Amino acid sequence: MIKNIKNIFQIASVIVFGSVFLYNCEPEADALGEQFFDGADGTEVQYDLIAYNINNNDTVRSDAQEIPLATLGAFSEGIFGMQKTAFVSQLRPSLFDPVFGDNAVVDSVVMVIKPLYASDSVTTSTDENYIHPDGNIAAKKIVNAYPVYKYGKTKINGNTNFNIRVHEVTDFLAANSDISYSNKTVNYGSEIGHKLFDGKVYSTSITKDADNSSIWSHEASLRIPMNPTFFQTKIIAKQGSADLKDAASFIRYFRGVRLSVDENDGYLFRFTPESAEIIMYYKSDKTENGTVTRPQSSFKFTMGAPNAHIGLYTYNRIDTPVATIPPASSSNTVTGDSKLYLQGMGGPSAGISIPASVIATLKDKFKNDKIGIMGAKIRMYTDEVAWNNKFQKPTSFVFLQKGATDFLPELASFAQLPQFSLVRAFDLDKNPGYYDFTVTQTLKEIIESEAPNKDFIIHAGEFRVDPNTGKYYGYRFDSRSYTPNRVVLVGTDPGNTKKIQLKVIYGTK
């Protein structure tokens with residue numbers, strides 16, 4: 001379709017000033033030329049594109065450098081099949097060569113992890129007649145419950161429970177700077193912890209009735225009971241041993257822990273490895289003025305830096321559309337695929353090619369008709385049949401050129417503009433929703449400056465941002481390793497009005 005628009009005189013300034021015009025006159029800079037598609041003067045043209053699936057072999061780099069968020073759970077549906085995630089991590093004691101005292105005995109041990117949760121959705125229970133067992137102290141106990149953010153199904157086989165298990169790792173996990181992939185095999189031994197997880201995290205506050213002073217409190221977290229006997233034997237009984245004297249010895253003696261779930265369906269949730277820890281509570285003899293007491297003490301094992309940790313992901317694609325995606329070396333780059341399957345954490349990605357004939361047409365117009373590219377975007381719709389469900393659609397993607405050595409020119413040049421977005425999402429609460437991928441500057445350079453016409457690559461996820469500066473870390477840093485989202489998009493499908501297209505606005509002198 002071609003739509004001719006009047007007042008060509010106004011377009012001359014665009015051609016003269018090029019990208020500078022786009023930088024300075026955009027009233028909402030997130031679109032980078034979007035205003036030219038909404039009633040501005042110029043000529044709008046649309047071109048069909050070649051879009052194809054890319055098989056990533058269900059694997060992605062998932063070591064400590066790549067997963068600031070860890071994922072746990074399982075989720076099954078008919079398009080992508082089953083995706084199940086586990087997490088392994090080294091531990092380090094808060095103090096090396098510890099002294100636990102005489103007759104030290106473990107009371108209890110708990111692993112504490114902090115999932116992402118809805119802080120504005122809280123259920124509070126209060127026990128005004130609580131008796132604290134350590135000293136039979138009259139107290140008040142307040143417990144706040146928050147639902148964790150879930151991707152998938154909110155209920156598992158009719159209820160909300162996951163069986164989370166913790167095992168001792170038997171393989172050495174090396175350094176946290178080492179590269180590891182999500183299909184890595186990590187052997188493990190005995191179970192040392194278990195929790196029937198109801199999908200909520202809890203904070204607790206216990207205060208004395210007498211003076212309202214605090215007896216006990218903890219932040220909202222998931223607390224997994226661990227085996228006290230294991231820690232009595234593994235840690236307390238090894239007091240004075242060389243195994244506890246330094247980091248190098250300890251991570252070879254106690255090699256780490258593995259978190260997993262029993263179920264194969266339900267949901268995926270995420271937590272921060274840096275804040276995860278194991279707390280061991282124990283009592284030992286203390287002599288003071290000839291009197292022996294046994295006060296309780298605690299000892300922590302951290303799971304954050306500098307520990308190695310790895311996200312481990314497994315899949316079952318049997319009898320699913322995704323199972324038919326060929327190896328990446330055989331992607332259908334010539335005629336494209338009618339449906340595109342995008343999934344994080346090692347699932348498939350998509351490639352997009354602007355046909356040489358389209359580039360030739362635009363270059364001819366640039367040479368002979370003196371056109372200037374005013375705006376360009378790739379529009380992609382969700383498949384309204386294959387992806388007609390209530391699962392949360394992605395709000396952003398990792399969007400680059402094939403073989404990239406940097407961001408796209410749009411992101412490299414305009415990322416710091418207020419409200420700029422390389423990918424804009426529309427109608428995600430409807431069926432279908434759609435996305436616009438801004439390629440204005442990239443297309444200008446291909447047409448006007450003879451830059452190479454490289455394919456675009458789209459991954460589920462987004463570029464990571466430094467929380468301290470608000471700037472992107474770099475084009476290599478993204479959230480693919482821990483993004484649970486997936487979506488089916490319409491690709492190269494000639495009979496579908498929602499097929500992928502390149503939309504271009506240009507003006508002439």
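Source: prediction; values computed, not measured.
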Taking distance alone, no hydrogens or angles, what donor-acceptor pairs closer than 3.5 Å link side-chain atoms of residues 268-276 to residues at least two apart or in another chain?
| residue | atom | partner | partner atom | Å |
| --- | --- | --- | --- | --- |
| Arg270 | NH1 | Tyr482 | O | 3.3 |
| Thr272 | OG1 | Ser275 | OG | 2.5 |
| Glu274 | OE1 | Ala305 | N | 3.0 |
| Glu274 | OE2 | Ala305 | N | 3.1 |
| Ser275 | OG | Thr272 | O | 3.1 |

Is it true that a side-chain atom of [X] and a backbone atom of [Y] form a donor plus acceptor pair closer than 3.5 Å?
| X | Y | answer |
| --- | --- | --- |
| Ser479 | Gly461 | no |
| Asn53 | Tyr341 | yes |
| Asn57 | Thr59 | no |
| Ser94 | Lys300 | yes |
| Asp63 | Ser180 | yes |
| Arg424 | Leu422 | no |
| Tyr313 | Ser481 | yes |
| Ser221 | Val112 | no |

Are side-chain heavy atoms of [X] and [Y] found at a separation under 4.5 Å?
| X | Y | answer |
| --- | --- | --- |
| Leu489 | Lys339 | no |
| Thr124 | Asn144 | yes |
| Tyr435 | Ile378 | no |
| Leu259 | Met111 | yes |
| Phe87 | His309 | yes |
| Lys444 | Ser449 | no |
| Val322 | Pro348 | yes |
| His459 | Leu342 | no |

Using distance alone, with no hydrogens and no angle criterion, decide if [X] and [Y] have a side-chain donor and acceptor under 3.5 Å apart.
| X | Y | value |
| --- | --- | --- |
| Gln501 | Asp48 | yes |
| Glu410 | Thr440 | no |
| Ser349 | Asn56 | yes |

Just say parallel, tilted or perpendicular for the rings of Phe463 and Phe407, cut-offs at 30° and 60°. perpendicular
Where does the angle between the aromatic ring planes of Tyr381 and Tyr434 fall among parallel (under 30°), tilted (30 to 60°) and perpendicular (over 60°)?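 Rings of Tyr381 and Tyr434: tilted, 30 to 60°.
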In sequence, state the C-alpha distance, the side-chain angles, and the governing distance for Leu49 and Ile354, and then conclude on side chain to side chain contact (heavy atoms under 4.5 Å, CB included). CA-CA 5 Å; Leu49 300 175; Ile354 302 177; 3.9 Å; yes
Could you check whether Glu450 pairs with Lys363 (Lys NZ or Arg NE/NH1/NH2 to Asp/Glu carboxylate O, under 4.0 Å)?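 Salt bridge: yes.
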Taking Asp262 first and then Arg165, would you say they form a salt bridge - that is, a charged N and a carboxylate O separated by under 4.0 Å?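 Yes.
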Answer yes or no: are there more than 12 heavy-atom neighbours, outside Lys184 itself, under 6.0 Å from its atom NZ?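 No, because the 6.0 Å sphere around NZ of Lys184 holds 12 heavy atoms or fewer from other groups.
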What pairs meet the side chain to side chain donor-acceptor pair (under 3.5 Å) rule with one or both residues in residues 383-393, with sequence neighbours excluded? Asn388-Asn431
Could you go through Leu222 and Lys114, starting from their C-alpha distance and side-chain angles, then the distance that decides it, and tell me whether this counts as side chain to side chain contact (heavy atoms under 4.5 Å, CB included)? CA-CA 6 Å; Leu222 166 59; Lys114 297 181 179 179; over 6 Å; no
I'd like to check the salt bridge (charged side-chain N to carboxylate O under 4.0 Å, His left out) partners of Asp178; sequence neighbours left out, ordered by chain and number. none
Hey, would you say the Tyr267 and Phe162 ring centroids sit under 6.0 Å apart?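 They qualify: ring centres under 6.0 Å apart.
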Compute the centroid of each ring, for Phe456 and then for Phe399, and state whether the two points are separated by less than 6.0 Å.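 So the answer is yes for these two rings.
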Evaluate the side chain to side chain contact (heavy atoms under 4.5 Å, CB included) criterion for residues Met303 and Val257: first the C-alpha distance (whole Å), next the side-chain angles of each, then the deciding distance (0.1 Å), finally the verdict. CA-CA 9 Å; Met303 295 167 63; Val257 293; 4.0 Å; yes
Would Val398 and Arg480 count as a side chain to side chain contact (heavy atoms under 4.5 Å, CB included) if you check the C-alpha gap in whole Å, the side-chain angles of each, and the deciding distance to 0.1 Å? CA-CA 8 Å; Val398 177; Arg480 287 194 297 150; 4.3 Å; yes
